Amino acid sequence: MTRYVLKRLAGAALVLLALSVLVYALFYIAPGDPARLACGERCNPEQIAQVREQLGLNESVFTQFLHFLQGVFAGRDYSTGTGVLHCEAPCLGLSYQNDQQVTELVLERLGATASLALGAMVIWLVVGIGTGLLSALRRGGLTERTLTVLTLAGTGTPVFILGLLLLMAVCAYLQWLPFPTYVPLGEDPEQWAWNMLLPWLTLGFFESAKYARLTRSSTLETLAEDHIRTFRAYGVGERSVVTRHALRGAVPPVIALSAIDLGTMFGGAVLTESLFGIPGLGKTLIDGVRHVDLPVVVGIVLLTGVAVVLANVVADLLYALADRRVALT
Amino acid sequence: MTLPNPGPGTKAPLVEVDRLTVEFGGGVRAVDDLSFTLEAGRALALVGESGSGKSTVAGALLGLHRGTGARTGGTVRVGGIDVGAAGPDELRRLRGGVAAMVFQDPLSALDPYYAVGDQIAEVYRVHHPGPRKAARARAVEVLDRVGIPDAVRRSRSRPHEFSGGMRQRALLAMALACEPRLLVADEPTTALDVTVQAQILDLLHELRRETGTALLLVTHDVGVAAESVDDVLVMRGGREVERGPVTAVLGAPAESYTRALLAAVPRLDGPARTARAHGLGTVDAADADFAHDRGGLLAGVADEPLLEAVELRREFGRGKAAVTAVDGVSLTVRAGETLGVVGESGSGKTTLGRMLVRLLDPTGGRLRYRGAEIGALSERELRSCRRELQMVFQDPVASLNPRRSVGESIADPLRVAGERDETRIRRRVRELLDRVGLDPDRYEAYPHEFSGGQRQRVGIARALAAEPRLIVCDEPVSALDVTTQAQVTALLAELQAELGLGLVFIAHDLAVVRQVSDRVAVMRDGRIVEQGTVDEVYGAPQDPYTRQLLAAVPSLDPVLAAERRGRRREPAAA
Amino acid sequence: MTTLTDTPAPVAGTPATGPARQAWRRLRTRPAALASAAVLLLLVALALAAPLLAALAGQDPNTYHDDLVDSARGGVPYGAFGGASTDHWLGVEPGTGRDLFVRLLYGARISLLVAVGATVVQVLLGLLVGLAAGLGNRWIDATLGRITDVFLALPFLVLAIALTAVVPRDFPRPLLLILVIGLLGWAGTSRIVRAQTLTLKGLDFVAASRLAGSGRWRTARRELLPSLAAPVITYAAILVPTNIVVEASLSFLGVGVTPPTPSWGQMLSTAQTWFRADPAYVLLPAGLLFTTVLAFTVLGDAVRTALDPREAGRLGVGTRKETSR
């Protein structure tokens, strides 16, 4: 078990190293001139040269990458012209826009993203698993058909359409809720919850369609297995067959998918955040892209990579723990 | 209910099936007007080939078709309960409490997520409500009874941690847990090796003697029935063919179908292939002519082996995980001769077969084809003799591409050989289809339109299209019904006589191997433990493992079976 | 056919039994699938005929009509239903007064072009990598497997957003979107192709083909590719609507096609500020996008059922228990 975890983590580290090389290559080497981007539109060539010097862009690409890695693991110093700015490990560089440390910026924005993702997850697990189970057990009835149509419609609706429609209906026409503005949890928990309600519902309902389908298909698959027949043939009640045996087989894939989805959301549920103006990682990424603020973009991409890779490891572990037939090798 | 729970002493039979019909969707009548009774404590076998409806009957005894959309007619009474009309509570009491089912595939019949002991306890508590602890204790007790060693500890294991035989024992334990009056066993030993099968059948026998439980055994294997029951009901197409005491039905069958069925069953005491046991002596003139056509192979170099393996080895995996599948096997095959290779699952016989035709590369040893070393040749260097070594595969489904017509599959070797003339290809494929006993007009048909036996014939035709000198048959008949088996083995023998082929016949069934082979090699754990002529190996086995295997084969003669069961028990007791 | 006098030639109308035809027969009996197919055909026809229809309507996607919007109220179109009239069938865009009908049609062109193009790139790359991994030796398989893992682990949307930021502005945007979505999203196909190839490679009919003397290439072409078609088509049918949503999302975020090229996602993005004053401007592109994605999803589902692996499973392909993971 421990061996397996270590092996998986080593593999994850390799994937992350590859990812960082790829990302670094894409963003710092391929496009135009980072110095020009960092300096802004109105810089003259001398200023650009100065910035280039400061960012260490005169050195070889390889050395630059090493410096970058050094920053991540040990921290590094930046000269700002007037003084030296120390950037603690893990240092992802400085924002081109305001010289803020990217790590700091990312941590600052993490709270909003986590608020959104965790709240939405509760909804998608409850609604998704519930709907999926219901439609698997009420096969052939009106319930199943209604749920199938709803689920299909759900998978067909991009999250921003669902959000826009909800905004329109709930805030503009019915005026049940004010237009959401993000309030941090630490500031005012009640306001936080009220303002997050619509984003949670949007993201939660959107994701629950996928979970309903998964739950339904894996429940049906388990119900068709031979061991279910065994327990029926021994007089075990239908309720017990479903809750103890069918559900037990249906849940592992749902858990695994949840872990991965949660990991991916650390890159920000970009669309939901940007629609509702939630200052999370996704919105920061979009802003970074708009202003071509490369260190911010790279930082968030890498962070998401870490989250996704770790989530994959966790998902596999959970899956193996839930389904003992899968050997951990 | 007029007869609530008649005890073992009352006159009413335990099972009464009266004019049962079961129809599945699409009007397929699986069981058609079947009636029989089973007295308490007796054992009845339903014997039939696939599609005879025997498993459907077993399900009907427990009302398993209720609510599935199948239409049933007639009545089924088990222990006084009218299965078709019983209410939910009564049905639950019937299932497991009165009649318990032992399913075929022991791996999939248990829930992979729970400990075996917990699953038995769960079933026990359905019928004996009470504390969890008592149920667990009962589970351990029955597991111990069916011979699971260290039952307390093993009851906490999950099914995948058990071997196939142990899982079947656990299923029996589950059936025993509630002390049912009837065991319904649906092909309980089909997935098991012959030695394990013998153990399970012995256990079943012993348990019945001890508890007086009645048995309804569903099986395709007449030998298994002969070993285990008092009465036999032969089924075909959902109907009864013949019914009576096992000695009468198997000893002096009245119906022609039963006779044909029994005649097709290969037996250890039936005729062996003595007529051609010395292969080349009996090649008739036509064959000799043919042999001359093919370079005087048979006449000229009669004694030179066609294929020779010396200390052949094959490992899988590397380092600590390495497994030796074949561990130094030496054998020879001559033209016109059949070498039988027999062994249980995991003995390495399939790996050996694939190496002989170079589908797998040996990791050690030598392989000589007509005197030339081919064991280490590259695919390119092999090209000259590739097509002369062919194979007939076990699974008649997986061995044909479902997306290509059978004609195209058979034509493959011809096309690869460079034949471009479509007319000639078609003509040759039609010849081959005709030769293996199929309608030549079915060139365009797809594999799913054929039965298992027909698909196997297509596989043989494809092998013949390459004009081989040697064919390795890997369990070619194990997926087929006995009557089909007999036809396919007969076809192989015919083709061999006609074409002077060398055959390697790999199988787990000792009786089949005896029937088709000139010489036999017995494999275990990657080695050949014994090799010799059929008479030597079957008549006077030298190796203890060979003797054990032979003793485990079910006999068609119930008297003999009982005697041998006694003999099996002796060494076990010692 | 003249040479084959001894064989009855297949006559039109006789029940065809090839697996592809069986799938088609199953597909044909599903009304939802047929309706979806009809909707999509109509959409494709409309998108292809967009310039023609624009000419017919006498409109142009990029002409401003300042006279049709009420600058006093911030640019809301005059009249009901977003300013629908005989000139502007579906009304005009708030703020600019551009014709909505024509812009929606041109938006469909972008949407379909990018989604289908990206799917083609994804499937081709996935086939190539998956086949190479499945047929190659252990070393090739391990390397490609790692690379596939990395791409599966990539935060897709995040990276797509980031990539669109660094490419020079003058690079043609639809092509950029096709490449970005295609190059980031091939890993799923590759996994499926590899797994399927490995399963098939172990099946006896492939062994038989080797015994017949067929080389690797011939075996791959004759035995593997036909069997790979079903899972790949099924997967591609799921990829298309996903790619439509990705394109719309990128445009919604302002990193997709650049204005003035019309795109549904972009319209929805601008619509965020207008949904109180001009709901038609939200509902039209939203409805169109929804219908398209839904139709593709339903059709994809139907294709999957028609080509169901379990359907093939009944024929027994790949049902042998795998001993290795």
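All figures in this text were calculated on a predicted structure; none of them were measured in a lab. Below, chains carry the letters A, B, ... as their sequence lines are ordered, and counting in each starts from 1.
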For chain A, which candidate among C:V245, C:V298, C:L268 shows the most heavy-atom pairs at distances under 4.5 Å? C:L268
Contacts of type ring pair (Phe, Tyr, Trp, His ring centres under 6.0 Å), residue C:Y281, not counting sequence neighbours: none
Just to verify, what does C:F296 make a ring pair (Phe, Tyr, Trp, His ring centres under 6.0 Å) with, not counting sequence neighbours? none
Looking only at C:T292, C:V282, C:L253, C:T291, the option with the highest number of non-hydrogen pairs under 4.5 Å against chain A is C:L253
Could you report the tightest heavy-atom contact between C:L289 and A:P158, atom names first, then the distance? CD2-CG, 3.8 Å
Residue among A:L14, A:L16, A:L164, A:V159 with most heavy-atom pairs under 4.5 Å to chain C: A:L164
Locate the shortest heavy-atom distance separating A:A153 from C:F290; write the atom from each residue and the value. O-CE1, 3.4 Å
Interface moiety of C:L283 toward chain A, non-hydrogen atoms closer than 4.5 Å: side chain
Could you check whether any side-chain heavy atom of A:T157 comes within less than 4.5 Å of a side-chain heavy atom of C:V293, counting everything from C-beta outward? no
Cut-off 4.5 Å, heavy atoms of chain A, and the answer for C:L157 is side chain
Passes side-chain contact (heavy atoms from CB on, under 4.5 Å), C:F252 versus A:L275? Steps please. CA-CA 9 Å; C:F252 178 80; A:L275 178 65; 3.8 Å; yes
Would you compute the distance between atom CD1 of C:I161 and atom CD1 of A:I300 and round it to the nearest 0.5 angstrom? 10.0 Å
What part of A:L152 gets within 4.5 angstrom of chain C, counting heavy atoms only: side chain, backbone, both, or neither? both
